[in-house]
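A short worksheet on the structure shown next.
Scope of the values below: all heavy atoms of this structure, side chains included, with no hydrogens, waters or symmetry mates. These numbers come from a predicted model, not from an experiment. Numbers here are sequence positions counted from 1.
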Amino acid sequence: MTERELRILLNDMSLEEKVGQMVQLPGQNYGSFAAVTGKAEKKEDGQPILDQAGSTLGIYGAEKLKKIQKAYMEKQPHHIPLMFMLDVIHGYETAFQCPLGMGASFDPELVKKCAEIAAKEAAAGGIHVTFSPMADLARDARWGRVMESTGEDPWLNGKMAAAMVEGFQGENRKQTGKVSSCVKHFAAYGAATAGLDYTNVELSEHTLREYYLKAYQEGIHAGCDMVMTSFNTWNGVPSTGNPWLMKEVLRKEMGFDGIVISDWGAVGEMVNHGFCEDRKEAAERALKAGVDIDMCSDCYADYLVDLVREGVIDEKEIDEAVYRILLLKNELGLFENPYKDADEQREKELFLCEGHRRTAREMVQKSAVLLKNEEDGKAGKLLPLNPAEKIAFIGPYIEGEDMRSSWVVTGSAKNSVSICQAAKEAFRDDQICFAKGCTLLDNDTLLNGSEYHSDSWEEDNDRLLCEAIQTAKQADVVVLCLGEQNHQSGEATSRTHLTLPKIQRTLLSEISKVNPRIVTVIFSGRPLELSEVETHSKAMLEVWMPGTEGGHGIMDLLTGVCSPSGKLTMSFPYTVGQEPMSYSQLTSGRPCPKGSKAPFLTRYLDCSTAPLYPFGYGLSYTDFSISEPTLDRTEMQAGETIVASVTVANGGKRTGCEVVQLYIQDVAASCVRPVKELKGFRRVELAPGEAQRVTFSISEEMLRFHRGDGSFGSEPGKFRLWIGNSSEDGEAREFFLY
């Protein structure tokens, strides 16, 4: 439709019909064909809510959605199509690495490719909009939703958010296999106080702007169609009712002109926050803040019409929101083809096809992080595994556990490749043996909405441990597969302890007594406390929640088919007491030099202030060296650049990939600046003996920040840069901006 035709349509719609477009109902309301064809809840004026609601979420499948769309449009007064939305976070049927792991690839092009594949599968299943990417900056591992983020660094998060938006949407959403993307959660949801979900965020406006808003901005620059409000309050105001945040910052400053949608129930929850007296006031405040779609609270459905008729809300505000909704439906091509790409045959062709699985496998290969790989006597390092040795695969994650995250809402865990299956493909039967070792969880572990309990838990674990000990004794090396249950990270999974379950730690300790040659493979959706694991392990591989091709990708790394190249996207603490933490903390007036025992310095009495494993850290099977950086000049002005260079060399015996990272520090400024900030990276693959020159161009724009007076720009002065393989590596070089 043309813009003129959309305006004519809007002007012909009744007020009730307009408000309906601003209402999103949960998918269970459309659970049966009968529900859509007449058995709908009635509002006071007798108009069925289902006949008017403009969008729904949480249902999928081409055949089902086509039936729902057909029935809906027959009843909708102007035959405006329904919009189907879904949380396609890291895959649809083919599940990729969880986003925190995706970030560890430091490969935006691969992340974009994964989003393209997810969009193809979701579109074939009838989906129009995905609630992804999550661009929240995550610096507190206690917060379970860190698994949906790409980590603690604003610059990296921005690159990954933009890559996902571009992958989902492409150049034209009308094209087959494209869906609209929704950047979330605006704003600063990742800074929830004490890592506790849905609560307050306590940040200065400077910190909000300087660190937490950057990745959202990149997603908006990439062209995202929607932005979702966050559950939290900031400065005492819930985001969903904050006109400064939504209108001044998001729309005017960032230039976002798409749809703003609330998170699930967030409009009504403003009553719980104590921000609104009742749901009617919540509807008013959300609308006046600029929220176009009310997701599943019914506040708009119940009260917007009355608020307009009472003169509290101007109908022009309704028209603005509805036009944005109609415009997106038009850009998706729904007026011409309400079913868009929903196609049962394409579902069969695309879901879990060989090419999609191959990309999922590649993502596991590139995102897993080798944390430790000790020398093991004459045999060298324990990884990659020696095919001449007998290998015991032990642990609850060898088979039967879902390696996808809690945010894969479609597909089946049965389609995932287990460690056991992949090992049987990679080795002869006489080379390998298996034992579960223990249950995945301690008894009476609380999960989101349920509790894990077994009356035979103790008896079962005694038997499993005995079997595992005997299996370990028969082997030359043990690969111990441990980790979180996939619902221990995600929404509403805040934790005050970040250790592995006690039963798994007991298994590790007991196995180490009979066979100390242990490779521990760790499955998690967040940084964990791994000091105890490190003590008992010769090698450690963090594989996150790896998805459909987890078994194959992990086995490729364990056997040396490829070398690990992933880098940590969040710092791993020694203890939860260090949280929140980030490599880019602000400088202190009393910094503590490494190893210093002098009094009255910035330190803990009982723990290092440094992480166990820092941001950007990750080992390889080969030996890389990075030369000290050289600069083509040490002074520049606006409009000029400095080129920093290093030589990366592979001195080992295997081909590998190193992620070379550039960090910069503004030494003195009108606001205290971080000790260093990531400003660039390059993935460099080298054969044994090969070397390559890597350069970074530094411009004045890269040095800009939110200054002491609130303006945004650079300041003259001294800067330091480092180029290395982690946030703690590299020799500093200085340059000056005049």
Side-chain angles (χ1 to χ4, degrees), residues 1 5-7 9-30 35-36 40-41 43 45 47-60 65-66 68-86 126-131 173 179-180 182 225-229 258-267 283 286-287 290-305 307-308 313 315 317-340 342:
M1 298 177 78
E5 289 171 326
L6 284 177
R7 291 291 181 186
L9 171 61
L10 176 64
N11 292 334
D12 196 52
M13 295 167 67
S14 68
L15 176 59
E16 289 81 3
E17 192 180 356
K18 292 175 185 177
V19 169
Q21 289 298 308
M22 301 170 68
V23 173
Q24 182 166 92
L25 294 179
Q28 57 261 35
N29 286 286
Y30 301 89
V36 185
E41 180 185 349
K43 293 169 63 179
D45 62 5
Q47 178 65 43
I49 295 173
L50 288 177
D51 293 350
Q52 298 285 354
S55 61
T56 185
L57 78 165
I59 49 175
Y60 49 91
L65 298 196
K66 285 195 292 186
I68 291 172
Q69 185 75 287
K70 182 176 184 297
Y72 171 85
M73 290 185 65
E74 288 173 354
K75 287 186 167 289
Q76 211 286 331
H78 284 87
H79 310 296
I80 299 170
L82 189 64
M83 200 154 41
F84 297 104
M85 307 188 192
L86 187 70
I127 301 303
H128 305 141
V129 179
T130 172
F131 298 123
R173 264 79 78 220
V179 299
S180 287
C182 176
D225 289 323
M226 296 179 67
V227 167
M228 182 186 294
T229 68
I259 293 171
V260 173
I261 186 171
S262 79
D263 207 335
W264 185 298
V267 175
L287 190 280
V291 176
D292 300 314
I293 298 177
D294 172 9
M295 183 195 289
C296 303
S297 84
D298 288 340
C299 291
Y300 280 11
D302 292 344
Y303 299 109
L304 278 191
V305 171
L307 286 166
V308 172
I313 289 175
E315 190 170 349
E317 295 180 86
I318 302 290
D319 289 348
E320 289 176 7
V322 175
Y323 184 74
R324 284 190 282 265
I325 296 166
L326 297 177
L327 187 62
L328 179 57
K329 291 183 177 185
N330 191 49
E331 289 176 347
L332 285 162
L334 298 184
F335 288 104
E336 292 82 11
N337 180 9
Y339 311 111
K340 198 176 184 293

Whether the side chain of [X] engages the backbone of [Y] through a donor-acceptor N/O pair (distance < 3.5 Å, no angle test) should be reported.
X	Y	value
K329	P81	yes
S262	T229	no
N29	P26	yes
Y300	L287	yes
N330	M1	yes

Supply the atom-to-atom distance [X] [atom1] to [Y] [atom2], rounded to the nearest 0.5 angstrom.
X	Y	atom1	atom2	answer
R7	L326	CZ	CG	9.5 Å
C296	D263	SG	CG	9.5 Å
Y30	F84	OH	CZ	8.0 Å
L328	S180	CG	OG	4.0 Å
Q69	Y339	CD	OH	6.5 Å
M83	S55	CE	OG	5.5 Å

Could you pull out the closest heavy-atom pair between [X] and [Y], with the gap in Å?
X	Y	result
T56	L82	CG2-CD2, 4.0 Å
V267	C299	CG1-CB, 3.7 Å
Y323	L10	CB-CD2, 4.1 Å
Q52	E16	OE1-O, 4.2 Å
D319	K18	OD1-NZ, 2.8 Å
Y72	G54	OH-CA, 4.1 Å

Within the structure provided, determine whether [X] and [Y] are in side-chain contact (heavy-atom separation under 4.5 Å).
X	Y	value
M295	M85	no
L9	I80	yes
D298	L25	yes
Q76	Q21	yes

Please assess L304 against I313 for the test side chain to side chain contact (heavy atoms under 4.5 Å, CB included), listing each intermediate value before the final yes or no. CA-CA 8 Å; L304 278 191; I313 289 175; 3.8 Å; yes
Checking side chain to side chain contact (heavy atoms under 4.5 Å, CB included) between M22 and each of I259, I318, D294, which is the one that passes?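 Going through I259, I318, D294 one by one, the side chain to side chain contact (heavy atoms under 4.5 Å, CB included) with M22 is satisfied by I318 alone.
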